[in-house]
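Here's the structure, in structure tokens; my notes come after.
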Protein chains: 2
Amino acid sequence: MNAMLTSSQRQLLRAISESGPLSRTEMAQMLGLSKAAMSGIARDLIDLGVLHETEIVYGQGRPSVLLDLHPECAFFVGISLLEDPAPMILSDLNGKIIARQAMPLSRDPKVIAEAITEGLPSLLEAHPDAKEKLSGIGVALSGFVDESQANCVKSTLLGWQDVPLAKIIRERSGIETFIENDAKAVAVSEKLFGSAREIQNFSVVSLGDGIGCAHFIDGRLYRGNHGGAGEIAHCTIEPGGSPCRCGKRGCLDTVASMKAIKEMSRAEGLECTSLSDIENEASTGNAAAIRILHRAGSALGLAIANLIQMNDPGLILITHVEGSFEGLFGTVVNQAIETNVLPRYAGQTPIRIKRVDGDVWARGAAGIAAHNFLIGSSY
Amino acid sequence: MNAMLTSSQRQLLRAISESGPLSRTEMAQMLGLSKAAMSGIARDLIDLGVLHETEIVYGQGRPSVLLDLHPECAFFVGISLLEDPAPMILSDLNGKIIARQAMPLSRDPKVIAEAITEGLPSLLEAHPDAKEKLSGIGVALSGFVDESQANCVKSTLLGWQDVPLAKIIRERSGIETFIENDAKAVAVSEKLFGSAREIQNFSVVSLGDGIGCAHFIDGRLYRGNHGGAGEIAHCTIEPGGSPCRCGKRGCLDTVASMKAIKEMSRAEGLECTSLSDIENEASTGNAAAIRILHRAGSALGLAIANLIQMNDPGLILITHVEGSFEGLFGTVVNQAIETNVLPRYAGQTPIRIKRVDGDVWARGAAGIAAHNFLIGSSY
DNA sequence: ACACTAAGTTTAGAAAATGAACAAATCAAC
DNA sequence: GTTGATTTGTTCATTTTCTAAACTTAGTGT
């Protein structure tokens, strides 16, 4: 239903998704079109149910009517293949989670497609609206995804190589489907729904068991030439350091991922099962805990500083699941960023910390579907 | 004369500049237009003298006529403010250098504009064609330049802050003028004239007294949020290492720039004035020379590896003025890249080495002018 | 010489934009 | 209140840009 949007219509949707509600006149200025053209485009999109009039702003002269996306004009399903059971959520066009369930994870694409298809009815059960207007499925996974957001080029976690997962799910479920790398999916959903809406250049660093990263450049997700842009986890931070499961040494992942921090704690004989535990130990003066947090924080900070130097993003968004950035770890990270960035730049790149819950990945996946619905893959 | 090109015409020029000569049918496919539309666009551009028919390719059916940019349809002047005297070159639309001279360098923008204007007649003297079709001036400088390629936000070397250099030169000379950071200018000219024409994502690392770097992403120069994308020289490579003039420690610049290499040699008591000298010493077994080249090479390699991990470019183009990459330095660089890149990726990112002469910067500057003539700043 | 093939052009007409005039909805001022 | 100023948004005739389909052109293969 959505494939036949004009290029201008798409541009408009993109603009609104970036800046929030706009009057027709503002839209016209933004896209460089005449008021006349804008009027027609807006009317069409309102008729389609994608836009609707919201606020009326009074000023001098005729008041302007703000148009915004109609959040209930389309619904999306997002699935994360990062955990077992795999979270599965239903979201609207604002990224609001409307329903949530889980499905069994599998390594067999066909079984996944089957599980998704079977899970849909119950996910949509209490939401007849959503059932009718379900416009896309998004899947987040750990691995490399191609430009078309259809094929998984390689996933070590899932043991895949060149798996056309999107096609398989699409064929089984009958719903438009797109897949994406986990960190990239989060970046897209932050651009669409989150705190980076209006920012054209930013990077997301997602801190969890592993470390993920993705870049938005000139308002678009930058996937890299082999889909590997943002593989910050395997930047060498401690040359000659500990061996990494990737085969080389001293990767950021071996020092600053939650998994690494926990392993280091265990090796030091600390009985810690979470970042908060270690932070607690450190705050009571435990030297080992302090050392570990220092090492991890400096490494992450250095990597982020290098990212800033390299790409000069307008925002670094650090998402983390566990613990908080209020403690020693966060302080060290910030310090390390400051000391490793060109002094002239220090403090010029906003660092935003965002604590996220277990829905991040599924929500990100839904964002991929929403992005394809709204804007499409090309400009 | 050139400001009123259609968006389609610009797209076409971009496509040809990327892929070389194309038949009308190929063009139509590339831009997603009908043959009919293409026919008209091509005719207009031929009438304007921008395109011309070159080769005829015989196959089955009617032979196709390849169209290419007419290299003599426009000429550009490029000036490098990196040296004194400042090189000044005249180039055609292929980047071919047609004439060359020098002008005195100054820190006063007005004096620069004056020198350029006064230098033009003699530069153009033997080329009446070029005089008539001079379509732009480009200026390369060390520092930060804003998005519009008109204002120098900051240049430590020139002691500038917010200098509207392009406007000053434009007003004095009457010629359309654009300025750009040195490394970024080289990247643009490599994209336009050089070895990265068909590549959408690549980074240029320019090795000279200092180290410069610039990224092309999705076919466009990526300037970064503050114009600082590519400041690889001040990535921290040796945490806690030697102090850098930027104020922090262990920057790549303090270890791998030609200046740093020479300084380290002097500190070690080597009587070397060029990279070749040090390479020679190393090849005869001089331990200090070997150590220096190892240290510099590993640092540069690590930085490039981090760049690859971070941005997954389709090509790294290393330009260097002095010496060669055949010796120890080059070997170490390559080795360090290999060992610090995800093993799966190793060798996947082509590294191209290009020895350049003293014209690089001026040629890059001319490329900026040519790029603005052909494609304009926006898409 | 004959069909066959593919490139490029022509034509009429659809699609998408513009510009200028106009209608609508408010504020401000008397 | 009525009037004027002001700005939004619409209408409509016109222009620009692109398309589809038929046609012309210039070759190859048999």
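Naming: A, B, ... by sequence-line order, numbering from 1 per chain. Side chains are part of it too, since the values below use all heavy atoms of this structure and drop only hydrogens, waters and symmetry mates.
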Legend entry - Atom pair distance, as rounded to whole Å: CG in B:Leu12 and C1' in D:dC18: 15 Å

Legend entry - Distance-minimising heavy-atom pair for B:Ala140 and B:Ala185: CB-CB, 4.2 Å

Inset, instruction - In whole angstrom, give the distance that lies between atom CD1 of A:Ile41 and atom P of D:dT11. - result: 15 Å

Legend entry - B:Arg43 CZ - D:dT17 P separation (whole Å): 14 Å

Legend entry - Residue mapping more 5' on DNA chain C - nearest nucleotide basis, B:Pro63 or A:Ser8: B:Pro63

Inset, instruction - Using the ring of A:Phe178 (Phe, Tyr or Trp, six-membered ring only), decide whether A:Arg170 places NZ or CZ under 6.0 Å from its centre and within 45 degrees of its axis. - result: yes

Inset, instruction - Determine, for B:Arg223 against B:Glu180, whether the closest basic-nitrogen to carboxylate-oxygen distance falls under 4.0 angstrom. - result: yes

Inset, instruction - Take atom CD of A:Glu55 and atom P of D:dT8, then tell me their distance rounded to the nearest Å. - result: 15 Å

Inset, instruction - Could you check how far CG of A:Asp44 sits from C1' of C:dA17, rounded to whole Å? - result: 13 Å

Legend entry - DNA chain C contacts among residues 27-40 of chain B, heavy-atom distance under 4.0 Å: B:Lys35, B:Ala36, B:Ser39

Legend entry - Test side-chain contact (heavy atoms from CB on, under 4.5 Å) applied to A:Lys354 and A:Glu190, step by step: CA-CA 11 Å; A:Lys354 183 171 179 177; A:Glu190 287 298 327; 2.8 Å; yes

Can you pull every protein N or O that's under 3.5 Å from an N or O on nucleotides 3-6 of chain D?
none

Legend entry - A:Tyr58 vs B:Val65, nearer the 5' end of DNA chain C by closest nucleotide: B:Val65

Legend entry - Approximate separation, where rounding is to 0.5 Å, of A:Arg220 CZ and A:Asn201 CG: 12.5 Å

Legend entry - A:Arg24 side-chain N/O to A:Ala42 backbone N/O, donor-acceptor pair under 3.5 Å: no

Inset, instruction - Ignoring backbone atoms, test whether B:Ser64 places a side-chain nitrogen or oxygen under 4.0 Å from the OP1 or OP2 oxygen of C:dG8. - result: no

Legend entry - N/O (side chain, B:Thr25) to phosphate O (OP1/OP2, C:dG8) under 4.0 Å: yes

Legend entry - Check: B:Ser148 main-chain N/O paired with B:Asp146 side-chain donor or acceptor under 3.5 Å: yes

Legend entry - Aromatic contact, A:Phe76 with A:Phe373 (centres under 6.0 Å): yes

Inset, instruction - Check the distance between D:dT7's P and A:Glu26's CD and give it to me in whole angstrom. - result: 14 Å

Inset, instruction - Give the rounded distance in Å between these two atoms: CZ of A:Arg24 and P of D:dT7. - result: 19 Å

Inset, instruction - Find the distance between NE2 (B:His127) and CD (B:Glu72) and round it off to the nearest 0.5 Å. - result: 11.0 Å

Inset, instruction - Calculate the interatomic distance between A:Ile56 atom CD1 and D:dT7 atom P; express it in whole Å. - result: 19 Å

